Number of protein chains: 2
Amino acid sequence: MTSKRDKKTGLRGRAATVGLDKAQIVNAAIEQIDQRGLAAFSMRELARTLGVSPAVIYWHVGGRQEDLFAEVSAVITAALADEFEPEQSWQERLRSVFRRYRHLVHQHPKVAPLLGAQMKSNGVANLVWVETVLAALAEAGFAGESLRDAFNVLIGGLSGFVTMELAPPPADDSSGWQQTFAERVESIDAESFPHTHAVLPLISNRIFVLRWQNGADVSYDSSFELLLDIIIDGLTLRAQQQGVSRR
Amino acid sequence: MTSKRDKKTGLRGRAATVGLDKAQIVNAAIEQIDQRGLAAFSMRELARTLGVSPAVIYWHVGGRQEDLFAEVSAVITAALADEFEPEQSWQERLRSVFRRYRHLVHQHPKVAPLLGAQMKSNGVANLVWVETVLAALAEAGFAGESLRDAFNVLIGGLSGFVTMELAPPPADDSSGWQQTFAERVESIDAESFPHTHAVLPLISNRIFVLRWQNGADVSYDSSFELLLDIIIDGLTLRAQQQGVSRR
DNA sequence: ACCTGAACACCGTTCAAGT
DNA sequence: ACCTGAACACCGTTCAAGT
């Protein structure tokens, strides 16, 4: 039965009945990370769910796990290349593109560490994205070293925020870290840490260091919007100063 | 010979001659990460360099690798608890504490992903740090939800920046990714990406997405300082507005 | 209390061989 | 061209047993 020829490909045997390609592998990998998290991801497990020998992943995708992760990042950030309405000001275009970035990562929160904490993934070089940001900044009047700094402020500050926001909790919390930590936060000493204690009900599990759930469970929308406002306003101010100080 | 009693501890046998404790294990782990990187870190390798059975690490440090990583993070960020000169304004105190944070992480750049992309590590809860930031923001006039957002803007934006800055390059770059990527950046098409191409010499390897080395090799000092300026200025402005709009 | 040794259930990656 | 199966050299974690 495996010796019959496949009508589409003309191949014989197992090779014909599998017909896997890179896109399917990458999509299956995303699904697996979405479900079990990055720490639990495994090449062998992926091969198992695809019903295939582990070696085929290496054949299709390249020699290392990092290659697969780079593909995963590329697929998830691909929509950053979508068009913008051209009548928007440079400020509005920047706002849109970084809101869009955050939205995309939020659809796959467990992939966030790949984008934020691995160079081969965050440098997967969505050139359209880079061009969009650089064009907006050039229009604002940035050039030379100040353009470089402005770009890094945007990516470092805003993508960095999203990375922190979605930092994953312990993989298998059988030891009850979340519960233990929650209790520890609730019982912070009023005399040693008066300001912290005073605002405990408002900040508990809702600020970055004293929390046991991440941005997938607790909203950081208003904090992100504030950072976005502050950065865009700050760049607007400095773009003007810069325009004045040059010739 | 192993049956002689140890004079200090009174223990007999191997137990007496080893005398390991948690601090030594954590320090050895930091050293190992500093040298080989986080991706190459291994509990068994750590046990090997300590000349000890793998099980002793679990005995001293807790049941999981994440527990050890949390200890590593705690040791590295411990100096955030150092005192400040009290005559500084809230702005200067915030500047100092985040410059200090960045400085500490830069001394162990390969540990950065632990602080930025793992909740159990970044939430190791240096309470003195949190208190310092909250006290400064309270003095500025922030309260309630705006206090929460201001705190998250600072940690998310600035610690997030440091995480992105120090995102590690591929572990074992035997396939020459760095070289390949560098060439790809150099040959970016002028017609498709005019703004990017125009500033290539200034941005190549020096902005976040189009780079093949991280902040341990290439300085992002001026970009970080700009972000710090923008955030502090933005918070100063909003603290005033907030003071006006309430009662 | 502190440590060893062995065991269990996995990994990532490579490679010859098959169709 | 695409896939299998087996092999190599590792892992993290647990547990009974030793001193």
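Nothing here was measured: the structure is a model prediction, and the numbers come from that model. What you see below is based on every heavy atom in this structure, not just the backbone, and it leaves out hydrogens, waters and symmetry mates. We name chains A, B, ... by the order of the sequence lines, and we start the count at 1 in each one.
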Compute the centroid of each ring, for A:F98 and then for A:F161, and state whether the two points are separated by less than 6.0 Å. no
Tell me the interatomic distance from A:W59, atom CH2, to C:dA17, atom C1', rounded to whole angstroms. 16 Å
Does one side chain, of B:E165 or B:H106, offer a donor that lies under 3.5 Å from an acceptor on the other? yes
Gap in Å between the two P atoms, one belonging to C:dA9 and one to D:dA9, rounded: 23 Å
Assuming nearest nucleotide by heavy-atom distance, tell me which of A:G63 and A:R48 is located more 5' along DNA chain C. A:R48
When rounded to whole Å, the CZ to P distance for the pair A:R36 and C:dC11 reads 10 Å
Candidate nucleotides C:dT4, C:dC3, C:dG12, ranked by approach to the side chain of A:M43 - the nearest: C:dG12
Test of understanding: with side-chain hydrogen bond (donor to acceptor under 3.5 Å, both in side chains), list the residues that count as partners of A:S192, not counting sequence neighbours. A:D189
For B:F69 and D:dG12, what is the distance between atoms CZ and P respectively, to the nearest whole Å? 9 Å
How does DNA chain D look in dot-bracket form if you count Watson-Crick and G-U pairs under 3.5 Å, write [ ] for pairs that cross, and put | where a base pairs with another strand? ||.|||||...|||||.||
Phosphate OP1/OP2 of D:dT13: any B:R64 side-chain N/O under 4.0 Å: yes
Verify the distance criterion only: is there a donor paired with an acceptor across the side chains of A:Q24 and A:D21 at less than 3.5 Å? yes
Taking atom P of C:dC10 as reference, at what distance in whole Å does atom CD of A:E45 sit? 10 Å
Verdict with reasoning, A:V209 to B:W129, per side-chain contact (heavy atoms from CB on, under 4.5 Å): CA-CA 9 Å; A:V209 183; B:W129 185 33; 3.9 Å; yes
Any residue meeting salt bridge (Lys or Arg N to Asp or Glu O under 4.0 Å) with A:E71, in chain and number order, not counting sequence neighbours: A:K22
For atom CG of A:L20 and atom C1' of D:dA1, their distance in whole Å: 13 Å
Take the protein atom CG of B:D67 and the nucleotide atom C1' of D:dT13, then report the distance between them rounded to whole Å. 12 Å
A:I57 CD1 to D:dA1 P, straight-line distance once rounded to whole Å: 21 Å
Does A:H60 make a side-chain N or O approach to OP1 or OP2 of D:dC3 shorter than 4.0 Å? yes
Of all the nucleotides listed (D:dA1, D:dT13, C:dC3), which has the minimum atom distance to the side chain of B:Y58? D:dT13
Distance in angstrom units between B:Q65 CD and C:dC11 P, rounded: 16 Å
Have a look at A:S42 and say if it touches a base, only the backbone sugar-phosphate, or nothing, with a 4.0 Å heavy-atom cut-off. sugar-phosphate
Of B:P54 and A:S53, the one whose closest nucleotide on DNA chain C sits nearer the 5' end is B:P54
Which nucleotide in C:dG5, C:dC3, D:dA7 has an atom nearest any side-chain atom of A:R44: D:dA7
B:F224 six-ring centre to B:R102 NZ/CZ under 6.0 Å and within 45° of normal: yes
